[in-house]
Amino acid sequence: MKKFHTIIQKQLLRWYDANKRDMPWRQTNDAYKIWLSEIILQQTRVEQGLPYYNKFVNKYKNVKAFANANESEILKLWQGLGYYSRARNMHAAAHQVVEWHNGIFPANYDELLKLKGVGEYTASAIASIAYGLPHAVCDGNVFRVLSRLNANDTPINSTEGKKVFFHLAQSLLNHQFPSQHNQAMMELGALVCKPTNPLCGQCPINTFCVAHQKNTIDKFPVKSKKQKSTVIYLHYFVFEYKGHTYMQTRKGKGIWQGLHDFPHVEYTGKEISPEQSIQRIQHTLAIGKMDVIKISQEYKHILTHRIIIAKFIQCTLHKPIDTKKYSLIKIKKAEINKLSLPRLIEKYYIKELQ
DNA sequence: AATACGGGGTC
DNA sequence: GACCCAGTATT
């Protein structure tokens, strides 16, 4: 296999030069911008991430500006992109770069790896793309390309698979052009070696592809498990008292950490009646008398391992809630959209409150 | 070694 | 409905 590597590398680069998409982060070597694009594109399609990249690059010109921003401002800009820990980790990483490296991203894989939110993939990507260092990337695209190229059935989501494919990626790396090689592998996975209906006829390395030769492309890559999702029932309370409502910042471990939503009652597995949740919330927040104005339609919100069935219950209060005691934010309805919101809340806001 | 963590697109 | 996406941190 080894002796074919040079030919594969060449075909790959030739194909990449002719077929690469024009992306803003391909017009720069600025490690800050490469970092920005790489974090944004984690588990995110290019089309979805692109507008966010442009927003961030325009708002924060360099890592110092990013570090000096408010985290709430960053989260608001990140709203809708998902995996919000990325935004919080970026803020921390920006501080690390400023404090440890005087505002310059280190041209060193091990140092990059120490930054919050930067794992093996991103460290390799920054090292190779921004600094031309010989570190192969292994993302979802590369896993797929390599598993087919070698007809290797090691599950790509296993610890063993990770080791195997990282090694394969590194051994195939073009040390003369690490940046272009890495991007070519990913671009090939995205445009040609697609999960379903790959365009093997257009593949520049199909003559080397074992799975293609054996006509077993659809058997690769192998994944070991499927994640199942649980159903969550959520009743959100949109209170109204003298023109304002109440929201809260999500803390702790769960989803949407750092984002804002309404006080709510949550049930896992079995459905809860509005009457039950109304009683509960009245007790929890010491609300006393209130009038239920409207119960919304069901909002179905799909996350990776959760199906959320939500209803929004609008109520008029007779007295205010103790915001300090219950860590609530008193806010006018028109101002809600200034806070960072989960998509579910944003969709309700757009439909019912805007 | 598994699991949690979003949202949107495709088939 | 199942799978996937320029993955990482935590358990």
Side-chain angles (χ1 to χ4, degrees), chain A residues 20-21 23-26 33-53 75 78-90 92-93 112-126 128-130 136-145 155-163 165-166 169 179 181-191 193-198 218 221-232 250 252-259 300-308 340-347:
Chain A
K20 64 183 172 192
R21 291 168 290 182
M23 301 297 174
W25 49 84
R26 289 190 171 147
K33 292 179 182 172
I34 302 300
W35 167 71
L36 208 49
S37 72
E38 293 302 340
I39 304 289
I40 286 174
L41 292 173
Q42 285 170 8
Q43 295 291 284
T44 305
R45 286 166 201 282
V46 163
E47 310 83 68
Q48 190 186 2
L50 186 53
Y52 287 86
Y53 173 82
L75 275 172
W78 197 271
Q79 175 176 306
L81 196 53
Y83 283 162
Y84 297 92
S85 64
R86 288 183 290 174
R88 299 191 306 273
N89 285 337
M90 279 181 95
L112 287 167
L113 202 51
K114 291 177 185 168
L115 301 176
K116 276 266 200 294
V118 174
E120 291 180 298
Y121 163 79
T122 306
S124 294
I126 299 173
S128 64
I129 298 173
V137 299
C138 206
D139 73 332
N141 292 306
V142 178
F143 275 113
R144 189 168 56 253
V145 170
I156 61 170
N157 55 343
S158 65
T159 306
E160 171 71 6
K162 206 174 161 188
K163 215 171 70 185
F165 290 106
F166 270 72
S179 167
H181 175 91
N182 278 336
Q183 296 186 73
M185 288 286 286
M186 295 191 281
E187 194 78 332
L188 186 71
L191 300 183
C193 198
K194 300 185 293 183
T196 56
N197 304 327
D218 58 325
V222 171
K223 273 203 165 185
S224 60
K225 247 196 300 274
K226 45 187 101 175
Q227 47 208 332
K228 56 173 196 228
S229 46
T230 58
V231 180
I232 308 269
R250 293 186 64 98
K253 301 248 156 196
I255 56 174
W256 302 326
Q257 204 185 118
L259 276 65
K300 192 174 181 181
H301 192 69
I302 309 291
L303 303 182
T304 301
H305 52 289
R306 247 171 252 221
I307 300 172
I308 297 173
S340 54
L341 309 172
R343 274 294 277 156
L344 171 61
I345 305 297
E346 191 189 12
K347 281 177 177 168

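Proteins get letters first, then strands, A, B, ... in listed order; numbering begins at 1 in each. On a predicted model such as this, the values are computed, not experimentally measured, just so you know.
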Base, sugar-phosphate alone, or nothing: which one does A:Gly49 contact when heavy atoms must sit under 4.0 Å apart? nothing
Find the distance A:Leu81:CG to B:dC5:C1' and express it as a whole number of Å. 13 Å
Please identify which of these residues, A:Tyr52, A:Tyr53, A:Trp25, meets the side chain to side chain contact (heavy atoms under 4.5 Å, CB included) condition with A:Leu41. A:Trp25
For A:Arg26 and A:Gln183, does a side-chain donor sit closer than 3.5 Å to a side-chain acceptor? yes
Given the P atoms of B:dT3 and C:dC3, what is the spacing between them in whole Å? 16 Å
Report, as a single string ordered 5' to 3', how protein heavy atoms within less than 4.0 Å touch nucleotides 4-11 of chain C: B base, S sugar-phosphate only, - not at all. BBBBSSSS
Can you tell me the distance, in whole Å, between the CZ atom of A:Arg86 and the P atom of B:dG6? 9 Å
So, does A:His301 get its side chain near the phosphate of B:dG7, meaning an N or O under 4.0 Å from OP1 or OP2? yes
What's the CD1-P distance between A:Ile302 and B:dG7, to the nearest Å? 11 Å
Measure all distances between protein nitrogen or oxygen atoms and nitrogen or oxygen atoms of nucleotides 1-3 of chain B, and list the pairs falling under 3.5 Å.
unit_1, atom_1, unit_2, atom_2, d
B:dA1, OP2, A:Thr159, OG1, 2.8

When the C1' atoms of B:dG6 and C:dC4 are compared, how many Å lie between them, rounded to an integer? 13 Å
Euclidean distance, A:Arg144 CZ relative to A:Met185 CE, rounded to 0.5 Å: 11.0 Å
Mind checking A:Ile40 for me? I need base, sugar-phosphate or nothing, with any heavy atom below 4.0 Å counting as a touch. nothing
Base, sugar-phosphate, or nothing: which does A:Arg306 touch, judged by heavy atoms less than 4.0 Å apart? sugar-phosphate
Separation between CG (A:Leu191) and CG (A:Leu188), nearest 0.5 Å, reads 8.0 Å
Atom CD of A:Gln257 and atom P of B:dG7 are separated, to the nearest Å, by 14 Å
Take atom NE2 of A:His305 and atom P of C:dG1, then tell me their distance rounded to the nearest Å. 18 Å
When the C1' atoms of B:dG9 and C:dT8 are compared, how many Å lie between them, rounded to an integer? 23 Å
If I pick the P atom on B:dA4 and the same atom on C:dA6, what distance separates them, to the nearest angstrom? 24 Å
From CD1 of A:Ile307 across to C1' of B:dA4 the rounded distance in Å is 16 Å
